[in-house]
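This report refers to the structure that appears directly beneath it.
The chain is numbered in sequence order, starting from 1. Keep in mind the model is a prediction, meaning the values are calculated, not measured.
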Amino acid sequence: MACRAGCCCSSIASLNEDNARFLMLALLIIIYLLCGAAVFSALEHPKEKLAKERWAQRIEQFTHKHNLSPDELKNFLRNYEEANVAGIRVDATRPRWDFAGAFYFVGTVVSTIGFGMTTPVTIAGKIFLIFYGLIGCAATILFFNLFLERVITVIAFVLKSCHECRERRKAGPPQSCQRPSTVSRERRTDSLAGWKPSVYCVMLILGVAAIVVSCCASAMYSAAEGWDYLDALYFCFVAFSTIGFGDMVSNQREMYKAQAAYRVGNFLFILTGVCCIYSLFNVISIVIKQVLNWLLRRLETPCRCPGRGNRHPRRNVVVPGHMRTRRDNSIETDGVNDSEADGRRMSGEMISMKDFLAANKVNLAIMQKQLSEMANGYPRPLGSSSRHNEFSGGVGALGIMNNRLAETSVD
């Protein structure tokens, strides 16, 4: 049936792929937040009501016992809340603003953890924190991205070595009298050149590393702080993911057994854990994008309007531009076809450097591209793409921004 106002599929097909992915991700995040709010409300709200009832009973009992009015007691409690903000606790705690305490504070600032146990109270301190955090947080994010690049290099090298070992086993033991033929050498070279690390393998390795670091750190915190092991594990995730609620904070007592060793261990565990969780979040974001691409393809509806059946579709929510046309089949792109690109996007396989140059698309595949580049030992070819200029490079969120700058800086 013909459309009355243009094409009936125009509302869907005209939607840009990146915009469609963004809108779907925003919708899924909203649904995720609503589900999380429902779960936490069901779990925590009864406990909150019970705590309020117990507190009201204790206030009433205390006022009757000591012959105090409720208003006088509330004023006293407000004064204690003000002292609590300044770092004063009932139990003896370490000084907050000596050099060691201030170093711990600036570490939580630049790492964006922000426990909230220590905060500046002077006007000068608050103003200085704004400028100090602006530069420090930016530098720390850059450090996390550089750490992620090196982790990717190591993981890709290990995965490639394992792949080479498997290929050697498949080829069988080398014959002593005969040298390997040219055909066998070419096959082995082609298998290594076309190999791409799996995003799921990388995610598994980073996940195991994050779990090992968290479990070891939880054992240390459980012994040093006297926390339950599950509470210590909860603290590790909150701290390493830079959520930083502040309900549990390490290294706050005045004295510890082996205090110097514990402070060094606390610093190293937090630094390592934050780097591991940051790297894991970047890889999980790639997996989430693959799921979004799969959902968008499931929503694809071919246009059935007369005269439009054989027309090439626009760059819409399902068909990226690089999968429709190929201007020239160079050495880097002649082995790439549309079906292979489709299959790789639907699978968990990383996008190779050749595929990335053929696609010439700026997205989260920058990290996948770098995995293949590091694993196969490809240096970035100069002049291979117009997008590779002084802005290009990096992985994760930094890579997206850099390549967006590269895209807009080309005349």
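The aromatic rings of Phe99 and Phe103 lie parallel to each other, their planes meeting at an angle below 30°, with 60° marking the opposite boundary.
Here the straight-line distance linking atom CD1 of Ile288 with atom CD1 of Ile29 works out to 8.0 Å at 0.5 Å rounding. Here CD1 of Ile135 is found 11.5 Å from OG1 of Thr140. Values are rounded to the nearest 0.5 Å. Atoms OG and CD1, from Ser279 and Ile152 in turn, are 7.5 Å apart once rounded to the nearest 0.5 Å. Expressed to the nearest 0.5 Å, how far CD1 of Ile211 lies from CD1 of Ile277 amounts to 8.5 Å. Atom CD1 of Ile205 and atom OG of Ser198 lie 9.5 Å apart (nearest 0.5 Å). Once rounded to the nearest 0.5 Å, the distance linking CD of Glu17 with CG of Asn19 reads 10.0 Å.
For the pair Leu68 and Phe62, the tightest heavy-atom approach, listed with the atom from each and the gap, is CD1-CE2, 3.8 Å. Across all their heavy atoms, Tyr278 and Leu148 have their closest contact at CE2-CD2, 4.4 Å. The two residues Cys236 and Ser214 have their closest heavy-atom pair at SG-O, 3.8 Å. Of all non-hydrogen atoms in Met248 and Trp227, the two that sit nearest each other are CE-CD2, 3.4 Å. Taking all atoms of both residues into account, the shortest heavy-atom contact from Asn145 to Ile141 is ND2-O, 2.8 Å. Heavy-atom minimum distance, Leu296 versus Ala20: CD2-CB, 4.1 Å.
Applying the side-chain hydrogen bond (donor to acceptor under 3.5 Å, both in side chains) rule to pairs touching residues 262-271 yields Tyr221-Asn266, Glu225-Tyr262, Ser250-Asn266, sequence neighbours excluded. Here side-chain hydrogen bond (donor to acceptor under 3.5 Å, both in side chains) pairs that include residues 237-248, with residues two or more places apart or in two chains, are Tyr234-Asp247.
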side-chain contact (heavy atoms from CB on, under 4.5 Å) between Leu77 and Ile59, intermediate numbers included:
CA-CA 11 Å; Leu77 293 176; Ile59 290 291; 3.8 Å; yes

Step by step, work out the side-chain contact (heavy atoms from CB on, under 4.5 Å) result for Phe267 and Tyr104.
CA-CA 9 Å; Phe267 173 78; Tyr104 189 85; over 6 Å; no

Taking it one step at a time, do Gln61 and Lys65 satisfy side-chain contact (heavy atoms from CB on, under 4.5 Å)?
CA-CA 6 Å; Gln61 292 174 0; Lys65 182 178 180 179; over 6 Å; no

Pair Gln290, Val199 - check side-chain contact (heavy atoms from CB on, under 4.5 Å), show working.
CA-CA 10 Å; Gln290 290 181 344; Val199 64; 3.9 Å; yes

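With Ser285 contributing its side chain and Asn282 its backbone, the two residues share a donor-acceptor pair below 3.5 Å. Not one N or O on the side chain of Thr112 forms a donor-acceptor pair closer than 3.5 Å with the backbone of Thr108. Here the side chain of Thr63 pairs no donor or acceptor atom with the backbone of Pro70 at under 3.5 angstrom. A donor-acceptor pair under 3.5 Å is absent between the side-chain atoms of Glu44 and the main chain of Ser41, judged by distance alone.
No more than 12 heavy atoms of other residues, nucleotides or ligands lie within 6.0 Å of CZ in Phe76, so this atom counts as exposed by the packing criterion. Heavy atoms of other residues, nucleotides or ligands lying less than 6.0 angstrom from NE2 of His45 number 12 at most. Crowding of Glu60 atom CD: a count of heavy atoms from other residues, nucleotides or ligands under 6.0 Å not exceeding 12.
Between Arg21 and Asp18 there is a salt bridge, with a side-chain nitrogen of the basic residue lying less than 4.0 Å from a carboxylate oxygen of the acidic one.
Side-chain atoms of Phe143 and Cys275, non-hydrogen and from C-beta on, do get closer than 4.5 Å to each other. Taking 4.5 Å as the limit, every side-chain heavy atom of Arg78 sits out of range of all side-chain heavy atoms of Glu82. Contact annotation: the side chain of Trp294 never approaches that of Arg297 to less than 4.5 Å [non-hydrogen atoms, C-beta and beyond]. Residues Leu299 and Met24 form a side-chain contact, since some pair of their non-hydrogen atoms from C-beta on lies under 4.5 Å apart. Residues Ile113 and Val274 form a side-chain contact, since some pair of their non-hydrogen atoms from C-beta on lies under 4.5 Å apart. Considering only heavy atoms from C-beta on, Arg166 comes within 4.5 Å of Cys162 through its side chain. For the pair Phe237/Leu233, no side-chain contact is recorded, criterion being any heavy-atom separation below 4.5 Å from C-beta on. With a 4.5 Å cut-off on side-chain heavy atoms, Val151 and Phe147 count as touching.
Remark: Arg54 pairs with Leu50 by the side-chain contact (heavy atoms from CB on, under 4.5 Å) rule, at least two apart or across chains. Shown here are the ring-ring contact (aromatic ring centres under 6.0 Å, His included) partners of Tyr229, two or more places apart in sequence or in another chain: there are none. By the side-chain contact (heavy atoms from CB on, under 4.5 Å) test, Asp228 is found to be paired with Asp231, residues two or more places apart in sequence or in another chain being considered.
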Identify all side-chain donor-acceptor contacts of residues 115-134 below 3.5 Å with residues at least two apart in sequence or on another chain.
unit_1: Thr118; atom_1: OG1; unit_2: Arg96; atom_2: NH1; d: 3.4
unit_1: Thr122; atom_1: OG1; unit_2: Gly125; atom_2: N; d: 3.0

